[in-house]
Number of protein chains: 2
Amino acid sequence: MGRWPGGTQERLQEAAIELFTERGYERTTVAEIATRAGLTERTFYNHFADKREVLFPGQDSFIAKVREAVGAAPAEQSPLDAVNAAFIAGSDWFDQRREAAQRRRHILDAHTDLREREWAKLAALGEAITAALRTRGIPDPAATLTAAVSVTAYQLAAARWLADPQYGTLGHHLHTSFEDLHRTARSW
Amino acid sequence: MGRWPGGTQERLQEAAIELFTERGYERTTVAEIATRAGLTERTFYNHFADKREVLFPGQDSFIAKVREAVGAAPAEQSPLDAVNAAFIAGSDWFDQRREAAQRRRHILDAHTDLREREWAKLAALGEAITAALRTRGIPDPAATLTAAVSVTAYQLAAARWLADPQYGTLGHHLHTSFEDLHRTARSW
DNA sequence: TACGGTGATTGCAGAACCTGTCATCACCGT
DNA sequence: ACGGTGATGACAGGTTCTGCAATCACCGTA
């Protein structure tokens, strides 16, 4: 058992994705993940709150970044544009991990448990954006509605990004998704 | 142990809400819920997929009703109005259960686990509406965006309905929430 | 080199969740 | 009286997750 080789979380994440794709999420135990990473089950739980969380690395810091970017946006920018810009500013990270995102999505789509966690993360993102918009002086309910619709546009962009055979950037798809949103909102 | 006294699910739900408010969600075991209802733990799991599900009675049938109502809306109605009308059509059920909804909300707010499940239900509602809108000929991404923003407006209305000291109906709050949505969308 | 502090890792026990399997029971029609 | 049906119960077992305390490697300091 190599002890302290560093990168513990990353090793656990890779081991988890490997095993999930090999045997499926439910047929993989936390103990197996830890063993493949050269660690123990207990250590897994020192790094991740539960079994699902290993599939959502960096989500919390992404949320924090978006919140910060929305708060720091120029005052003359519309709320929706501010959120859009914040998403685009953080999109490089994803473009560099397209393949990992693909595998992750396949696992997520196959298990309701995991999609539940994903929705929870998206809800947290929405609440963070709502809070940031409020500090920009946007009152409720506009803040809540704008945040929610932004998250939906973001989801849409992410889906297109993963499905795009042309390998367009996430930023590009965010741009078109928010254009679609403007167009659709005009019909409401 | 009264066997087959009828209303098994309802008894389990009431026992669960009682115990959750008395000791809290985490400090209540499924076995305790079942015992208070005069049943066994195994029977609980014959009626509910897991411990959380006991707090979401009728959600699935509500989703089915909304899907149906959206599909059956008059053709001249705009997509957003169709969803709004579908919500209002199913709002009586909630108005008759305001107090239970209050207690349920207090329990939900205190536990991330349960809010996660709630988000999952809302996501399922959104997907059902998306599907219904597509059968009405609304193409993507308009169907997805319209459904998502409708669900958000619904959440907003439900929150106001529970907080309203005047005890206004859910239908009333749905009306004003969708008006807010129209107003906000004009700024996008 | 010796020593102690710090933080990560581990072992162990145990509660609770959830499932599979099969037996048992009440009801109902014949 | 009899058999079918469906809900309930008993039991075993795996898995998830937590609390607690011990162990280990590293690092600065004397």
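In the text below, chain A, chain B and the rest are named by the order of the sequence lines, each starting its count at 1. The analysis underlying the following values was restricted to heavy atoms, covering all of them including side chains, and did not include hydrogens, waters or symmetry mates.
- Spacing between atom CG of B:Asn46 and atom P of C:dC25 amounts to 17 Å, rounded to whole angstrom units.
- Taking 4.0 angstrom as the limit, A:His47 places a side-chain polar atom (N or O) nearer than this to OP1 or OP2 of C:dT9.
- Shown here for A:Gly171 and A:Asp95, the closest heavy-atom pair between the two residues is N-OD2, 4.4 Å.
- Rounded to an integer number of Å, the gap from B:Arg27 CZ to C:dA15 P is 14 Å.
- Between A:Thr8 and C:dA8 there is no side-chain polar atom (N or O) within less than 4.0 angstrom of OP1 or OP2.
- In terms of heavy atoms, B:Lys51 sits closest to B:Val54 at O-CG1, 3.2 Å.
- As the counterpart of D:dA25, C:dT6 is assigned, both hydrogen-bonding distances of the Watson-Crick or G-U wobble pattern falling under 3.5 Å.
- The residue B:Ala49 sits close only to the backbone: its heavy atoms come under 4.0 Å of sugar-phosphate atoms, none of a base.
- If you measure from atom CZ of B:Phe20 to atom P of C:dA16, you get 13 Å, rounded to the nearest angstrom.
- The distance between atom NZ of B:Lys51 and atom P of C:dT19, rounded to the nearest whole Å, is 14 Å.
- B:Thr176 has its side chain within reach of B:Arg160: a pair of non-hydrogen atoms, C-beta onward, lies under 4.5 Å apart.
- Residue-level contact check: B:Asp50 touches the backbone only, with heavy atoms under 4.0 Å from sugar-phosphate atoms and none from bases.
- With B:Phe62 as reference, B:Phe94 is the one residue of B:Phe94, B:Trp93, B:Phe56 to meet the ring pair (Phe, Tyr, Trp, His ring centres under 6.0 Å) rule.
- A 3.5 Å limit on both hydrogen-bonding distances identifies D:dA1 as the Watson-Crick or G-U partner of C:dT30.
- One interatomic measurement links the two molecules: CG of B:Asp113 to P of D:dT16, which rounds to 16 Å at whole-angstrom precision.
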Expected rows: protein N/O vs nucleotides 11-14 of chain C N/O, under 3.5 Å:
| unit_1 | atom_1 | unit_2 | atom_2 | d |
| --- | --- | --- | --- | --- |
| C:dG11 | O6 | A:Arg42 | NE | 3.4 |

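- Residue contacts shown for B:Thr29 are limited to sugar-phosphate atoms, with no base heavy atom under 4.0 Å away.
- Rounding to whole angstrom units, CD of residue A:Glu41 and P of C:dT10 are separated by 12 Å.
- The minimum heavy-atom distance linking B:Ala153 with B:Leu181 is given by the pair CB-CD2, 4.3 Å.
- In this structure, B:Ile33 places its CD1 atom 16 Å from P of D:dT8, rounding to the nearest Å.
- The nearest whole Å value for the distance from the CZ atom in A:Arg52 to the C1' atom in C:dC17 is 12 Å.
- Side-chain rings of A:Phe178 and A:Tyr154 stay apart, their centers remaining 6.0 Å or farther from each other.
- A donor-acceptor pair is defined here as one N or O able to donate and one able to accept, closer than 3.5 Å; no such pair exists between the side chain of A:Arg105 and the backbone of A:Ala100.
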